[in-house]
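Notes follow once the structure below has been shown.
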Amino acid sequence: MTTAPTVRVWDLPVRLFHWAIVLLVPALWWAAETGRMELHMLLGEIMLGLILFRLLWGLLGSSTARFSGFVKGPRAVLRYLRGERRYVGHNPLGGWSVLLMLLVLATQVGLGLFASDEDGIHAGPLARHMPDLESAHTLAARHETMFWVLATLIALHVLAILYYRIVKRDDLVTPMVTGRQPAGEGREALVPAPLWRLLLSVGLAAAIAFVIVLYL
Ligand code: HEM
Ligand code: HEM
């Protein structure tokens with residue numbers, strides 16, 4: 001039996017990041033809804049580190065992880081909509097939805113850092129920089145609204161993936177697990193980033209997250 005040739009499309013950091021946030025978002029929601037605020041904030045701070053890492057990896061990472069690799073102008077999006085399939089990694093339309101999802105996640109984390117409940121008992125590590133408790137509590141209301149924006153985007157994201165699977169017969173989930181996709185015409189493998197860039201991105205993300213949480 002011969003196995004079909006495949007190409008590498010997602011590096012390990014992108015895949016680990018993805019499946020970690022898939023676990024973290026429901027865990028954050030569950031912890032907040034059941035009043036486990038210490039746990040909620042700990043998980044939120046881990047999410048802060050992950051988002052910082054993904055933003056840095058979007059600048060320094062391998063070719064399919066980079067924003068410059070998947071955030072394309074309107075012409076590329078139109079060509080994609082007309083049927084052109086010369087891309088590896090996120091398609092030109094999906095690239096924008098990925099960017100939007102990362103921005104909404106970052107905003108959600110940012111609001112959480114400054115948010116406080118109404119009596120100031122459970123408050124993000126930066127809430128004391130807010131002018132008063134009332135404004136920190138207002139941010140908590142925005143944090144709640146933003147959660148529903150995020151939940152809507154996630155629902156659309158999963159529907160889009162199902163659409164690709166059922167209508168276009170394109171399995172996107174297996175590559176997000178294994179990192180590999182069937183080789184196809186014009187489908188080149190990703191260009192990996194050297195290890196030092198991974199270490200730099202992880203180190204910087206962790207350092208920035210620690211400073212924000214512990215020292216600001
Ligand atoms: C909490 C829920 C989820 C969030 C916040 C989320 C977020 C994201 C983000 C940010 C990306 C871009 C990855 C990157 O370049 O860093 C992505 C891609 C992807 N996600 Fe999710 N995701 C969620 C749930 C899921 C689920 C449940 C599935 C599987 C059914 C899934 C399958 C995928 C796939 C296949 C891609 C790659 C799409 C492509 O080929 O362009 N995601 N997701
Ligand atoms: C993607 C990351 C996050 C998600 C999905 C998320 C989600 C939520 C949800 C669903 C609630 C309950 C809202 C309500 O029903 O009132 C909540 C509350 C809260 N979150 Fe987050 N959160 C995130 C990150 C953070 C971070 C990083 C912090 C701070 C370190 C934080 C601090 C808080 C606080 C203080 C509340 C309580 C507000 C109140 O009781 O009025 N969250 N969060």
Side-chain angles (χ1 to χ4, degrees), residues 9-11 13-51 53-55 57-58 61-62 64-67 69-71 87-127 133 136-151 153-162 164-165 170-179 181 209 212-213:
V9 61
W10 303 118
D11 60 21
V14 164
R15 287 178 282 145
L16 284 179
F17 164 78
H18 182 263
W19 297 113
I21 61 172
V22 173
L23 293 177
L24 272 177
V25 171
L28 277 154
W29 170 81
W30 172 80
E33 290 304 312
T34 55
R36 293 170 168 85
M37 290 315 293
E38 300 300 328
L39 176 64
H40 180 80
M41 282 191 274
L42 177 66
L43 296 177
E45 286 154 10
I46 295 173
M47 181 66 105
L48 167 69
L50 285 172
I51 295 289
F53 165 75
R54 185 62 186 93
L55 295 178
W57 199 234
S62 46
T64 55
R66 287 207 195 185
F67 300 125
F70 68 77
V71 181
Y87 65 88
V88 58
H90 299 304
N91 70 55
L93 186 61
W96 285 100
S97 75
V98 166
L99 194 67
L100 183 65
M101 206 139 46
L102 291 173
L103 288 178
V104 169
L105 277 167
T107 309
Q108 179 66 351
V109 168
L111 286 168
L113 292 173
F114 290 93
S116 170
D117 62 4
E118 51 196 344
D119 21 56
I121 297 173
H122 298 296
L126 303 183
L133 186 57
H137 189 52
T138 308
L139 289 191
R142 302 284 174 277
H143 188 65
E144 189 186 358
T145 314
M146 193 51 78
F147 175 73
W148 291 109
V149 174
L150 177 64
L153 282 179
I154 292 170
L156 290 173
H157 174 63
V158 173
L159 282 176
I161 285 154
L162 279 175
Y164 273 85
R165 184 77 191 86
D170 199 353
D171 172 16
L172 301 179
V173 179
T174 306
M176 215 5 126
V177 176
T178 62
Q181 208 176 32
I212 291 176
V213 170

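Counting starts at 1 for both ligands and their atoms, in listed order.
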Considering [options] one by one, which has a heavy atom nearer to [atom] than any of the others?
{"atom": "atom 37 (C) of ligand 1", "options": "Met176, Met47, Arg54", "value": "Met176"}
{"atom": "atom 17 (C) of ligand 2", "options": "Glu144, His143, Met37", "value": "His143"}
{"atom": "atom 5 (C) of ligand 2", "options": "Phe147, Trp30, Trp29", "value": "Phe147"}
{"atom": "atom 32 (C) of ligand 2", "options": "Gly112, Gly120, Ser116", "value": "Gly112"}
{"atom": "atom 41 (O) of ligand 2", "options": "Ala209, Ala141, Ala140", "value": "Ala140"}

Inset, instruction - Decide if atom CZ of Arg15 counts as having more than 12 heavy atoms of other residues, nucleotides or ligands within a radius under 6.0 Å. - result: yes
Any non-hydrogen side-chain atom of [X] less than 4.5 Å from a side-chain atom of [Y]?
{"X": "Thr107", "Y": "Leu150", "answer": "no"}
{"X": "Thr174", "Y": "Gln181", "answer": "no"}
{"X": "Met47", "Y": "Val25", "answer": "yes"}

For ligand 1, which atoms, with element, lie under 4.0 Å from some heavy atom of [X]?
{"X": "Val98", "value": "12 (C)"}
{"X": "Phe17", "value": "16 (O)"}
{"X": "Met101", "value": "7 (C), 8 (C), 9 (C)"}

Heavy atom of the protein closest to [atom] (residue, atom name, distance):
{"atom": "atom 3 (C) of ligand 1", "value": "Val22 CG2, 3.9 Å"}
{"atom": "atom 38 (C) of ligand 1", "value": "His90 ND1, 4.1 Å"}
{"atom": "atom 30 (C) of ligand 1", "value": "Val173 CG2, 4.0 Å"}
{"atom": "atom 1 (C) of ligand 2", "value": "Gln108 CG, 3.7 Å"}
{"atom": "atom 10 (C) of ligand 1", "value": "Leu102 CD2, 3.8 Å"}
{"atom": "atom 28 (C) of ligand 1", "value": "Trp19 CH2, 3.9 Å"}
{"atom": "atom 33 (C) of ligand 1", "value": "Ile161 CD1, 3.3 Å"}
{"atom": "atom 2 (C) of ligand 2", "value": "Leu28 CD1, 3.5 Å"}
{"atom": "atom 12 (C) of ligand 2", "value": "Ala32 CB, 3.7 Å"}
{"atom": "atom 26 (C) of ligand 1", "value": "Val158 CG2, 4.1 Å"}

Inset, instruction - Heavy-atom distances under 4.0 Å are what count here, so tell me which part of Asp117 touches ligand 2: side chain, backbone, both or neither. - result: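 For Asp117, the contact with ligand 2 is made by both the backbone and the side chain.
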List the atom of [X], the atom of [Y], and the distance in Å for their closest heavy-atom pair.
{"X": "Asp117", "Y": "His137", "value": "C-ND1, 3.5 Å"}
{"X": "Gly49", "Y": "Ala209", "value": "CA-CB, 4.0 Å"}
{"X": "Phe17", "Y": "Leu50", "value": "CE1-O, 3.5 Å"}
{"X": "Leu133", "Y": "Ser116", "value": "CD1-OG, 3.4 Å"}
{"X": "Thr64", "Y": "Val88", "value": "CG2-O, 3.8 Å"}
{"X": "Gly94", "Y": "Asn91", "value": "N-OD1, 2.6 Å"}

Legend entry - atom 21 (Fe) of ligand 1 - closest N/O/S atom in His18: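 Answer by atom name: NE2.
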Inset, instruction - Please assess Ile212 against Glu45 for the test side-chain contact (heavy atoms from CB on, under 4.5 Å), listing each intermediate value before the final yes or no. - result: CA-CA 9 Å; Ile212 291 176; Glu45 286 154 10; over 6 Å; no
Atoms of ligand 2 close to [X] [distance to a heavy atom under 4.0 angstrom, numbered from 1]:
{"X": "Glu33", "answer": "12 (C), 15 (O)"}
{"X": "Pro125", "answer": "30 (C)"}
{"X": "His137", "answer": "41 (O)"}
{"X": "His122", "answer": "35 (C)"}

Kindly say whether [Y] contributes a backbone atom to a donor-acceptor pair with the side chain of [X] at under 3.5 angstrom?
{"X": "Arg54", "Y": "Pro13", "result": "no"}
{"X": "Trp30", "Y": "Arg36", "result": "no"}
{"X": "His40", "Y": "Trp29", "result": "no"}

Legend entry - Any N/O pair His157/ligand 1 closer than 3.5 Å: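 Yes.
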Inset, instruction - Mind checking whether Leu172 contacts ligand 1 via backbone (N, CA, C, O), side chain (CB onward), both or neither, at a 4.0 Å heavy-atom cut-off? - result: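 Within the 4.0 Å criterion, Leu172 contacts ligand 1 through backbone and side-chain atoms alike.
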Inset, instruction - First locate atom CD1 of Ile46, then atom CE of Met41, and finally report the distance between them rounded to the nearest 0.5 Å. - result: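 These two atoms lie 13.5 Å from each other.
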Inset, instruction - Would you give the length of the straight line joining atom CG of Leu23 to atom NE2 of His18, rounded to the nearest 0.5 angstrom? - result: 10.0 Å
Inset, instruction - Report yes or no: does a heavy atom of Leu48 sit under 4.0 Å from some atom of ligand 2? - result: no
Inset, instruction - Please verify whether a non-hydrogen atom of Phe70 lies at under 4.0 Å from ligand 1. - result: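 The answer is no, since Phe70 has no heavy atom less than 4.0 Å from ligand 1.
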Inset, instruction - Anything under 30° is parallel, anything over 60° is perpendicular, the rest tilted; go ahead and classify Phe70 against Phe67. - result: perpendicular
Inset, instruction - Looking only at N, O or S atoms, find the one in His40 nearest to atom 21 (Fe) of ligand 2 and name it. - result: NE2
